[in-house]
Number of protein chains: 4
Amino acid sequence: MAGVNKVILVGNLGQDPEVKHLEGDKVVANVSIATTESYKDRSGNRVDNTEWHDLELWDGLAKIAESYLKKGSKIYVEGKIKTDSWQDEQGNNRKRVRIRVQNMTMLDSRSDNQSGPGNNSTNYANNNSSPQQMPSQTVSEGPADDDDLPF
Amino acid sequence: MAGVNKVILVGNLGQDPEVKHLEGDKVVANVSIATTESYKDRSGNRVDNTEWHDLELWDGLAKIAESYLKKGSKIYVEGKIKTDSWQDEQGNNRKRVRIRVQNMTMLDSRSDNQSGPGNNSTNYANNNSSPQQMPSQTVSEGPADDDDLPF
Amino acid sequence: MAGVNKVILVGNLGQDPEVKHLEGDKVVANVSIATTESYKDRSGNRVDNTEWHDLELWDGLAKIAESYLKKGSKIYVEGKIKTDSWQDEQGNNRKRVRIRVQNMTMLDSRSDNQSGPGNNSTNYANNNSSPQQMPSQTVSEGPADDDDLPF
Amino acid sequence: MAGVNKVILVGNLGQDPEVKHLEGDKVVANVSIATTESYKDRSGNRVDNTEWHDLELWDGLAKIAESYLKKGSKIYVEGKIKTDSWQDEQGNNRKRVRIRVQNMTMLDSRSDNQSGPGNNSTNYANNNSSPQQMPSQTVSEGPADDDDLPF
DNA sequence: TTTT
DNA sequence: TTTT
């Protein structure tokens with residue numbers, strides 16, 4: 001019955017995170033990141049192979065994502081593979097695979113991220129006059145307490 | 001451009017491996033394994049949550065799978081997430097996620113596996129009068145040389 | 001400042017766990033496990049290379065170790081590297097590396113472990129007339145609540 | 001006999017790499033990296049906990065280290081724990097733990113590293129008039145062929 | 001869709 | 001579809 005289901009990724013966000021605030025203080029962020037592998041083929045030409053991964057972050061991690069991640073951000077994440085299954089309108093079995101993130105570390109140098117919450121996306125509303133510093137640390141899954149915000 | 005795409009799983013095979021011998025000495029094995037997570041819910045009831053993963057093993061690893069793995073076998077694998085994308089007949093974008101295995105360790109105790117190649121599946125043909133021992137070691141990806149067989 | 005410090009091991013215990021019950025309900029278990037790598041050298045001879053790792057488990061994990069692990073048990077663990085430094089009597093700087101375990105999965109088949117707590121070691125005292133089943137699941141770090149015991 | 005011995009680290013170099021060119025085209029680089037964990041204690045104070053790891057890179061990886069890594073560089077590495085044992089002059093058993101690196105990904109943004117080989121350390125000799133670009137990719141262990149250099 |  |  002025992003099992004291990006672990007994923008470790010390092011890559012860059014393809015878009016700003018999509019964040020939904022649900023009832024009961026729940027928050028979920030959806031993020032997609034690219035992991036690129038680069039190698040030489042037999043002819044000696046460099047080949048890039050990019051894989052895209054759909055990440056799902058909840059609560060404290062989702063808030064961090066909302067405040068600090070944006071298109072292009074480089075992150076390390078640890079999580080598990082999660083498959084949703086359903087039947088589509090034609091009655092076909094469909095599956096969708098996501099990575100449920102359990103742990104995240106931001107890898108951008110701080111200078112790339114001096115903007116604070118609300119400041120680091122293509123949405124320039126909600127400008128913060130006393131910007132907070134970005135966290136430079138690992139953040140783990142947990143309840144949506146403010147204590148999960150690393151500052 | 002740099003990236004990391006790593007998966008680590010420990011689980012049991014749901015079925016015997018499906019092995020195809022392709023031209024040019026290539027071999028591929030498809031295997032699905034279950035990773036089960038077990039926890040207590042708020043009411044204190046034990047809940048099992050099983051995730052199924054489609055594995056793809058090539059060449060040396062595929063031969064090992066063919067010879068030694070069967071329904072129920074417990075394995076540790078390391079690999080990477082690989083998504084195939086295509087359009088179905090209705091023109092919908094479809095994706096299928098697999099784990100390309102780069103490293104495998106068999107976790108069954110040797111006594112559970114004393115049968116040799118051809119002996120450990122529901123197919124009882126090809127019975128081997130001097131059965132080989134199962135390997136108890138880690139095997140990595142590589143060319144389909146016989147040297148990849150761990151004995 | 002951010003960092004990742006992660007270790008993943010699969011191996012067998014070299015001895016029964018050494019468990020200490022400290023004041024304040026704290027429990028610590030020390031366990032050493034062997035990870036063996038097996039390969040062929042240039043001459044085609046099989047070579048075994050064994051590495052020993054000192055594990056440290058706390059509280060809930062320590063209790064699991066005490067109840068269910070014994071010499072020879074095969075486990076999967078996830079943890080982090082931890083170095084203790086001190087000066088010895090000669091004034092030399094000394095270091096000792098341990099793995100602080102954060103997650104453990106027992107990999108022995110249940111039939112190898114039907115004995116319950118107190119029953120699974122070379123010490124046959126403390127025989128339990130209504131033996132509990134061994135857990136077959138992953139257990140994580142946490143406080144020493146009884147709820148951490150997986151049954 | 002089977003085993004898994006895997007370490008995953010993300011951290012920054014404490015010093016420039018120490019590189020030795022041995023006979024027979026062998027190269028070894030020694031590097032130490034810090035992984036810092038940051039958390040709030042019970043009183044709500046932020047606490048940093050830094051762990052230092054001694055890495056050992058061979059051949060192709062050592063050459064990459066020599067050319068591109070320097071004090072402060074942030075890297076992702078995958079490797080295995082390796083313990084050397086010996087007796088010191090007083091006859092005490094001594095051990096030293098190192099991480100043998102099998103895979104490395106550089107995590108600094110390219111702009112932080114535009115200097116080429118020979119240019120990125122405190123040693124300014126061997127200045128290269130047509131500096132090469134730093135690799136932004138994952139590099140694995142292997143023979144010391146020039147083909148291992150990712151450019 | 002990222003990054004270099 | 002596994003395992004316990």
Side-chain angles (χ1 to χ4, degrees), chain A residues 1-5 9-18 30-38 46-55 69-75 77 83 85 93 107-109 112 122, chain B residues 1-5 9-18 30-38 46-55 69-75 77 83 85 93 107-109 112 122, chain C residues 68 105-114 132-138 150-151, chain D residues 68 105-114 132-138 150-151:
Chain A
M1 200 131 52
V4 173
N5 173 358
L9 304 172
V10 174
N12 300 284
L13 300 227
Q15 298 294 342
D16 288 349
E18 289 175 18
N30 286 283
V31 161
S32 84
I33 72 168
T35 57
T36 302
E37 198 184 358
S38 190
R46 183 140 301 289
V47 181
D48 275 5
N49 190 7
T50 295
E51 194 71 29
W52 286 95
H53 311 269
D54 294 328
L55 310 185
L69 299 185
K70 57 177 193 242
K71 184 173 174 174
S73 299
K74 186 187 284 288
I75 55 175
V77 295
T83 306
S85 303
N93 291 319
L107 297 174
D108 294 310
S109 63
D112 300 336
T122 53
Chain B
M1 198 132 50
V4 173
N5 173 359
L9 304 171
V10 174
N12 299 284
L13 300 225
Q15 298 294 342
D16 289 348
E18 289 175 19
N30 287 282
V31 161
S32 84
I33 72 168
T35 57
T36 302
E37 198 184 359
S38 189
R46 182 139 301 290
V47 182
D48 276 5
N49 190 7
T50 295
E51 194 72 28
W52 286 95
H53 310 269
D54 294 328
L55 311 184
L69 299 185
K70 58 176 191 239
K71 184 175 176 173
S73 298
K74 185 187 284 289
I75 55 175
V77 296
T83 306
S85 302
N93 290 319
L107 297 174
D108 294 310
S109 63
D112 300 334
T122 54
Chain C
Y68 297 111
T105 300
M106 281 170 281
L107 298 173
D108 294 310
S109 63
R110 210 133 158 189
S111 56
D112 300 335
N113 289 275
Q114 278 170 335
Q132 298 175 283
Q133 284 193 305
M134 80 164 295
S136 51
Q137 59 194 73
T138 302
F151 40 73
Chain D
Y68 297 111
T105 299
M106 281 170 282
L107 297 174
D108 294 309
S109 63
R110 211 134 156 188
S111 56
D112 301 335
N113 289 275
Q114 278 169 336
Q132 298 175 283
Q133 284 193 304
M134 78 164 296
S136 51
Q137 59 195 72
T138 301
F151 40 75

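In the text below, chain A, chain B and the rest are named by the order of the sequence lines, each starting its count at 1.
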- Query: For E51(A) and T83(B), what are the C-alpha separation, side-chain angles and deciding distance, and is it a side chain to side chain contact (heavy atoms under 4.5 Å, CB included)?
  - Reply: CA-CA 7 Å; E51(A) 194 71 29; T83(B) 306; 2.8 Å; yes
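Spacing between atom CG of N5(B) and atom P of dT3(E) amounts to 19 Å, rounded to whole angstrom units. Between D16(B) atom CG and dT1(F) atom P the separation is 15 Å, expressed in whole Å. Rounding to whole angstrom units, CG of residue N93(A) and P of dT1(F) are separated by 12 Å. Rounded to whole angstrom, the span from the CG atom of N12(B) across to the C1' atom of dT1(F) amounts to 11 Å. As rounded to whole Å, 13 Å separates atom C1' of dT2(F) from atom CG of D54(B). Atom CD of Q15(B) and atom C1' of dT3(F) are 13 Å apart (whole Å). Atom P of nucleotide dT2(E) and atom NZ of K71(A) are separated by 5 Å, given to the nearest angstrom. L107(D) places its CG atom 20 Å from the P atom of dT2(E), with the value rounded to the nearest Å.
Under the side-chain hydrogen bond (donor to acceptor under 3.5 Å, both in side chains) criterion, S32(A) pairs with no residue, sequence neighbours left out. Taking N49(B) as the reference, E37(B), Y39(B) meet the side chain to side chain contact (heavy atoms under 4.5 Å, CB included) condition, with sequence neighbours excluded.
Backbone-only contact: L13(B) has heavy atoms under 4.0 Å from sugar-phosphate atoms and none from a base. G11(A) comes within contact range of no nucleotide atom at all, as no heavy-atom separation falls under 4.0 Å.
Residue S32(A) places no side-chain atom within donor-acceptor reach of the base of dT2(E), judged by atom type and a 3.5 Å distance cut-off alone.
Ring-to-base geometry does not place W52(A) in a stacked arrangement with dT2(E) (centre distance under 5.5 Å, plane angle under 30° required).
Exactly one of N12(A), T50(A), D48(A) qualifies for a side chain to side chain donor-acceptor pair (under 3.5 Å) with T36(A). That residue is T50(A).
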